[in-house]
**Q** 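Sending over a structure as structure tokens; questions will come in a sec.
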Amino acid sequence: MEYKNLSRLVYLAAFLFMGIWFAHQVIEVVLVIFFAIVITIVLNAPVMILQKKGMSRTLASVLVFFGMILMFALIGWMVVPKMITQVKLLVANLPTYIADLNTQILGWIAAHSESHSKITPLITQPGAEQIQGFINQVGQFSLKFFSNILMLIFFFCLVAFMLINPRPLLQLYLSLFPETRQDKAAQAFASSSTMTIGWMWSNVVAGLTRATIVWIFLHFMGIPGVWVWAGVTFFAELIPKIGFYIMAMPPILIAFAMSPTIGLWTLGFYLLLEELIADILIPRIRSKTMKIHPVWLLIMLLLMTAAFGVMGAFISTPLAAFIKGHYEVFFEKKKEKSAYDHNIDLMMSRK
């Protein structure tokens, strides 16, 4: 009997180990599938509009899907060549920017320091060995590039098939719940979809607004690489709260390398733009669709980024929407918010 129990324990441990190993190996694919589901939910909104006008599901899905592909291709044709050209110029002028920035920083330190001893540069220029190592790494990533192309093809095929015929997949989702809870499951999915669509369209509107304003300002200030910085500003919206600040650092550093005055103007511009967009534009867009506290978005962002890197950061907000949608339907007790006011005041005032 003890031998059988020990054998079962060994088999269970081996099964768990293999399960963890398999999950670790395929987690990237799982994240891509989840992001494909998010894009499908977003594209389903215009498909449903076309269906209500009498168009078949297949034809509406094909039009919306290839409309999205055409839009991306048009943007790529208009913007990508300019971005590539400016990236080459930025890389070629990188040593100059580093030297100028070191000069600005060391000059400021010398002007405010009592010691007149030689100060070593704070930012080192890349040497020949570092550049050669970077080139070697680029060569090593060539195979990964082709695998990413295959993954991209898989992603678009997945979106197309889910968009054309989503009913079997939704039926599978509902079958995961007991029959008595399937109505709540449908309601939770609908709520999550509403928040996800609001998140995506608010990102598009806010991203385009920010990118346009950034392009105009940087072009007016004469800062190199305006197409590059406008492009990364557009995608910064996908990383909630901190993405914009991360994307703003390179043009701010280049501006300081050009002149402290230009650097301060650029820094002030980015801070003001973030406050205007984050506090005025985005809340108005998301007020009726995605009501998630910024603290929860930041916590989800940190957790997903720490666990899965950049892809985790991209899907952190839609994942938070799905968690919130299902929590509200299945676990949250229906209670007026005003009923919590007394206890919240007690917790805040400690009296």
Side-chain angles (χ1 to χ4, degrees), residues 22-51 57-76 144-176 185-186 188-204 207 234-240 243 289-290 292 297 300-301 303-305 307-326:
F22 181 76
H24 176 73
Q25 295 296 319
V26 303
I27 191 63
E28 183 177 350
V29 177
V30 173
L31 295 177
V32 170
I33 292 173
F34 180 78
F35 195 65
I37 293 173
V38 170
I39 298 300
T40 304
I41 290 173
V42 173
L43 295 180
N44 182 64
V47 169
M48 293 300 296
I49 294 175
L50 294 177
Q51 270 194 285
R57 175 80 194 190
T58 301
L59 180 58
S61 300
V62 170
L63 288 177
V64 171
F65 179 79
F66 283 102
M68 176 192 67
I69 299 296
L70 181 62
M71 181 187 68
F72 284 147
L74 182 61
I75 293 175
K144 188 170 180 60
F145 172 78
F146 288 108
S147 66
N148 289 335
I149 292 296
L150 293 176
M151 183 65 73
L152 187 64
I153 295 173
F154 164 77
F155 173 82
F156 282 116
C157 291
L158 195 63
V159 171
F161 288 128
M162 288 192 297
L163 190 63
I164 292 173
N165 189 20
R167 288 188 174 275
L169 301 175
L170 295 176
Q171 181 179 345
L172 176 62
Y173 163 79
L174 291 174
S175 67
L176 299 175
F189 189 90
S191 176
S192 304
S193 300
T194 300
M195 287 188 284
T196 302
I197 293 171
W199 166 75
M200 180 60 74
W201 289 117
S202 65
N203 286 342
V204 172
F234 174 79
F235 291 103
E237 285 296 327
L238 294 175
I239 303 178
T289 56
M290 194 171 193
I292 301 180
L297 292 179
M300 184 61 69
L301 172 65
L303 292 176
M304 294 299 293
T305 304
F308 308 116
V310 176
M311 180 58 73
F314 284 152
I315 69 171
S316 62
T317 302
L319 182 59
F322 271 84
I323 294 174
K324 182 176 186 290
H326 287 73

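All of these numbers come straight from a predicted model, not from anything done at the bench.
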**Q** For the pair F322 and F34, name the ring-plane relationship: parallel under 30°, tilted 30 to 60°, perpendicular over 60°.
**A**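 Rings of F322 and F34: perpendicular, as their planes differ by over 60°.
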
**Q** To the closest 0.5 Å, what do you measure between CD1 (I153) and CG (L158)?
**A**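 Going from CD1 on I153 over to CG on L158, the span is 13.5 Å.
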
**Q** Which distance, rounded to the nearest 0.5 Å, do you find between the CD1 of I37 and the OG1 of T196?
**A**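 Those atoms lie 10.5 Å apart.
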
**Q** May I ask you to test the F308-I315 pair for a side-chain heavy-atom distance under 4.5 Å?
**A**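 No; the side chains remain at least 4.5 Å from each other.
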
**Q** For the residue pair Y173 and H326, what are the closest heavy atoms and their distance?
**A**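 For Y173 and H326, the tightest heavy-atom pair comes out as OH-NE2, 2.7 Å.
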
**Q** Give me the atom names and distance for the closest heavy-atom approach of G325 to S192.
**A**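 Closest approach of G325 to S192: CA-OG, 3.6 Å.
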
**Q** Indicate the atoms forming the closest heavy-atom contact of A320 with M300, along with that distance.
**A**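 Between these two residues, the closest heavy atoms are CB-CG, 4.2 Å.
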
**Q** If you take all heavy atoms of M162 and T40, which pair is closest and at what distance?
**A**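 Of all heavy-atom pairs spanning M162 and T40, the closest is CE-OG1, 3.2 Å.
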
**Q** For a quick test of reading the model, state the closest non-hydrogen atom pair linking F234 to V204 and the distance between them.
**A**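 What the structure gives for the nearest pair is CE1-O, 3.9 Å.
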
**Q** Should V42 and W201 count as side-chain neighbours, where that means a heavy-atom distance under 4.5 Å?
**A**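 When only atoms from C-beta onward are counted, W201 and V42 do touch, with a gap below 4.5 Å.
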
**Q** Looking at every non-hydrogen atom in both residues, tell me the closest pair between T317 and W199 and how far apart they are.
**A**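 Shortest heavy-atom contact: CG2-CD1, 3.1 Å.
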
**Q** Please list, one pair per line, the donor and acceptor atoms closer than 3.5 Å that link side chains of residues 60-67 to other protein atoms, with sequence neighbours excluded.
**A**
| unit_1 | atom_1 | unit_2 | atom_2 | d |
| --- | --- | --- | --- | --- |
| S61 | OG | R57 | O | 2.8 |
| S61 | OG | L163 | O | 3.1 |

**Q** Within the structure provided, determine whether L174 and F189 are in side-chain contact (heavy-atom separation under 4.5 Å).
**A**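 Sidechains of F189 and L174: no contact.
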
**Q** Could you check whether any side-chain heavy atom of F156 comes within less than 4.5 Å of a side-chain heavy atom of L152, counting everything from C-beta outward?
**A**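 Answer yes - side chains close enough.
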
**Q** Do I41 and I197 come within less than 4.5 Å of each other through their side chains, counting heavy atoms only?
**A**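 With C-beta onward as the side chain, the pair touches.
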
**Q** To the nearest 0.5 Å, what is the distance between CE (M195) and CD1 (I323)?
**A**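 Separation between the atoms: 10.0 Å.
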
**Q** Would you compute the distance between atom CG of N44 and atom CD1 of I49 and round it to the nearest 0.5 angstrom?
**A**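 So the CG of N44 and the CD1 of I49 are separated by 10.0 Å.
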
